[in-house]
Amino acid sequence: MILVETVAGMKALSRGWKRAGKSVGFVPTMGYLHEGHLSLVRESKTRADVTVVSIFVNPTQFGPNEDLDKYPRDLAKDSAYLERAGVDVLYHPPAAEVYPPGYRTYVEVEGLQDRLCGRSRPGHFRGVATVVLKLFETVGPDLAFFGAKDAQQVLIIERMARDLDLGVEVVTCPLVREPDGLALSSRNAYLSPEERQAALALSIGLRWAERAVAAGERDPAKVVAGIRAVLEAEPLARIDYVEAVDPGTLEPVAEMRGPVLVAVAAFVGPTRLIDNVRIAV
Ligand code: AMP
């Protein structure tokens, strides 16, 4: 595996692959890798000739009171993990390479960026869309792999790729969970043993919703209320939002019919976690 730390170095490699007619698969991450990230890597390796993983903790997607400084980082461990997984290139640029002094340009995906997580994290998806566009420009992927764990993020990236004619196929990979249901996340590293237990309320609430809909519940207000009740029964959890939305527009649905994205964000102690299920009736 090659470690690349400059924009110019990454672009040069990518140009070489293009000339050789090789397809490039790309997995953007913020590192502190887990099995969820690895599932994207595996998918890329089956679908593309060359696989690039980026590790970049993107400052522009963090709010002023968020966890940018304490976001978990372990480049040595991540690098060994990716090497074993057969990744070709680890792209790890410093922030000053991505955002040099005087940087002024941002991408906004209107509407979609303001719903769900966008409401409680203003500016977050502007930062995400901007860095992903820059990474696409540098890495030159044919295919880019994202996890359904961040359902709103994938939708926004898909929209951006189409709107800006990027020529990148955005592939959504399934959400990977722990055996007890907790969605894998780098932020799970923040949880104390008690918080780790309390965090199960998110997936328990969503599983309850799946069962309720399977049993015939069609009222989204009742589905949302049921999930809220599960979370409210957990003293360490504090709800940010629970919503049942159209997976294409993220607008609240009037009825649990067709595909519905049921999405949750909650603080467990100081840690904000998200989870979702897509229910198809
Ligand atoms: P992150 O490092 O958290 O920015 O995530 C990088 C990529 O990994 C994103 O496309 C995420 O959606 C994906 N990802 C993170 N956690 C999971 C998970 N539990 N299952 C599937 N994909 C995930």
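Source: prediction; values computed, not measured.
Side-chain heavy atoms closer than 4.5 Å link hydrophobic residues (I, L, V, M, F, W, Y) into clusters, and following such links, possibly through other members, connects Leu202 to Val262. If you chain together hydrophobic residues whose side chains sit under 4.5 Å apart, Val50 and Val7 fall into the same group. Taking hydrophobic clusters as Ile, Leu, Val, Met, Phe, Trp and Tyr residues chained together by side-chain heavy-atom distances below 4.5 Å, Tyr106 does not share a cluster with Phe62. Residues Val98 and Leu90 are members of separate hydrophobic clusters, defined by side-chain heavy-atom contacts under 4.5 angstrom among Ile, Leu, Val, Met, Phe, Trp and Tyr. When hydrophobic clusters are built by joining Ile, Leu, Val, Met, Phe, Trp and Tyr residues whose side-chain heavy atoms come closer than 4.5 Å, directly or via intermediates, Leu182 is not grouped with Leu33.
Checked for salt-bridge contact, Arg196 and Asp180 meet the test: a charged N lies under 4.0 Å from a carboxylate O. For the pair Asp275 and Arg177, the salt-bridge criterion is met [side-chain N within less than 4.0 Å of a carboxylate O]. Salt-bridge annotation for Arg121 and Glu66: present, with a side-chain N of the basic residue lying under 4.0 Å from a carboxylate O of the acidic one. Ion pairing of Glu110 with Arg159 is absent here, as no side-chain N (NZ or NE/NH1/NH2) approaches a carboxylate O to less than 4.0 Å. Taking a cutoff of 4.0 Å between a charged side-chain nitrogen and a carboxylate oxygen, Arg187 and Asp67 qualify as a salt bridge.
The neighbour count for Gln197 CD, taken as heavy atoms of other residues, nucleotides or ligands under 6.0 Å away, does not exceed 12. The environment of NZ in Lys22 is sparse: at most 12 heavy-atom neighbours from other residues, nucleotides or ligands sit within 6.0 Å.
For Ser54, the side chain to side chain contact (heavy atoms under 4.5 Å, CB included) partners two or more places apart in sequence, or in a different chain, are Phe26, Pro28, Tyr91, Leu135.
For the pair Glu83 (side chain) and Ala80 (backbone), a donor-acceptor distance under 3.5 Å is absent. Side chain of Glu234 to main chain of Leu236: a donor-acceptor pair is present (N/O by atom type, distance under 3.5 Å, no hydrogens or angles). A donor-acceptor pair under 3.5 Å is formed between the side chain of Asn276 and the backbone N or O of Ala148. Not one N or O on the side chain of Lys11 forms a donor-acceptor pair closer than 3.5 Å with the backbone of Glu137.
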- Message: Evaluate Asn58 against Tyr99 for side-chain hydrogen bond (donor to acceptor under 3.5 Å, both in side chains), listing each step before the verdict.
- Response: CA-CA 10 Å; Asn58 175 35; Tyr99 301 109; 2.7 Å; yes
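The closest side-chain heavy-atom distance from Asp240 to Val264 is not below 4.5 Å. Counting heavy atoms from C-beta outward, Cys173 and Arg42 have side chains that stay 4.5 Å or more apart. Annotation: side chain of Val52 is in contact with side chain of Met10 (closest heavy-atom distance under 4.5 Å). Residues Leu133 and Met160 form a side-chain contact, since some pair of their non-hydrogen atoms from C-beta on lies under 4.5 Å apart. Residues Phe56 and Val131 have side chains in contact (heavy-atom distance under 4.5 Å, counting atoms from C-beta outward). Side-chain contact between Val245 and Val260: absent, with no pair of heavy atoms (C-beta onward) separated by less than 4.5 Å.
For Lys77 and Tyr32, the positive end sits near the middle of the six-membered ring, less than 6.0 Å away and at most 45° from its axis. No cation-pi contact links Lys134 to Tyr103, judged by a cut-off of 6.0 Å to the six-membered ring centre and 45° from its axis.
Legend: ring pair (Phe, Tyr, Trp, His ring centres under 6.0 Å) pairs involving residues 124-163, not counting sequence neighbours: none detected.
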Donor-acceptor pairs are to be reported for all side-chain atoms of residues 206-228 against protein atoms at under 3.5 Å, with residues two or more places apart or in another chain.
| from | atom 1 | to | atom 2 | distance (Å) |
| --- | --- | --- | --- | --- |
| Glu217 | OE2 | Asp219 | N | 3.0 |
| Arg218 | NH1 | Val213 | O | 3.0 |
| Asp219 | OD1 | Ala221 | N | 2.9 |

